[in-house]
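All values reported here derive from a predicted model rather than from experimental measurement.
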Amino acid sequence: MLVKNYMTEDVLTVQETDSLLSTIETMRGSRHRSLPVVDDMKRVLGLISEKEVTRACPADINILSRQEANSLLGRFKVKQLMRKDVTCVRPGDSVEYVAYQFYKYDYPSFPVVDQDNRLVGIISQKDIFRSFVEIMAMNRACTRFTIQTPDKVGVVAELAAMFRDANINILSLVPRVLNDGTATINIRAEMGDKGLGIVGKISDAGYKVLDVQNYDAVE
């Protein structure tokens, strides 16, 4: 799962010489929480977000007339407010790498650039959540099995073979290794009318089925 599969290619941008007033209007009109700052060749120079905009607005702006407020905001330029130490990602980066970057920096979005630092898209936290929904097959009706296993080589292959032999299609399989030498494996599968005989096969193989739940597809 790569960034290029989930990024937005049609990106709203601003330039260093744009005013704070026009930037605020662009954000409000698009509901974007941050905007890349680019030059005439679409190279990324920085990023401006709601945080920088809010910090720049005077505390008493609400008591000013509309004309006074617009005049004041028009004096500030993006160059004065933007964050220059921008973390960018590449189209070929994995979504899990970008998820880690969101966790590490807590930014609302990351510009996506090519090898020449030219903007080719943007990826947001919402895009990462969407990828997670698809990776976990939450967008499809399925049965979810939570299985406790030893943390050893061959467990995933053995479980997958059981589902294959039962003609059950696995939609997602996610292991989580614990510190006690065990692991839990979450398997989402299309059961159809095949029943739950697979639970007995898993138990007979020495694994513990902790939970079985049916889920409808989420929108």
Donor-acceptor check, side chain of D165 to backbone of M162, threshold 3.5 angstrom: yes or no? no
Please determine whether a side-chain nitrogen of the Lys or Arg among R118 and D114 lies less than 4.0 Å from a carboxylate oxygen of the Asp or Glu. no
Between the side chains of Q101 and D93, is a donor N or O closer than 3.5 angstrom to an acceptor N or O? no
For the side chain to side chain contact (heavy atoms under 4.5 Å, CB included) test, which of T23, T13, L47 pairs with L35? T23
With Y6 as partner, the option from R130, K126, E134 fulfilling side chain to side chain donor-acceptor pair (under 3.5 Å) is E134
If you take all heavy atoms of A99 and I128, which pair is closest and at what distance? CB-CG2, 3.9 Å
Return the minimal non-hydrogen interatomic distance between A137 and R188, and the atom names on each side. CB-CD, 4.4 Å
Straight-line distance of R164 CZ to L159 CG, nearest 0.5 Å: 12.0 Å
Listed partners of Y107 passing ring-ring contact (aromatic ring centres under 6.0 Å, His included), at least two apart: Y105, F110
If I compare all heavy atoms of I168 with all of I198, which pair ends up nearest, and what's the gap? CD1-CB, 4.0 Å
Are more than 12 heavy atoms, taken from residues, nucleotides or ligands other than D204, located less than 6.0 Å from that residue's CG atom? yes
Residue pair P150 / T182, side-chain heavy-atom distance below 4.5 Å: no
Is the distance between the ring centroids of Y97 and F102 under 6.0 Å? no
Would you check if the side chain of N117 reaches a backbone N or O of V44 as a donor-acceptor pair within less than 3.5 Å? yes
Just verifying a value: how many Å separate E16 CD and I48 CD1, rounded to the nearest 0.5 Å? 11.0 Å
Donor-acceptor check, side chain of Q80 to backbone of K77, threshold 3.5 angstrom: yes or no? yes
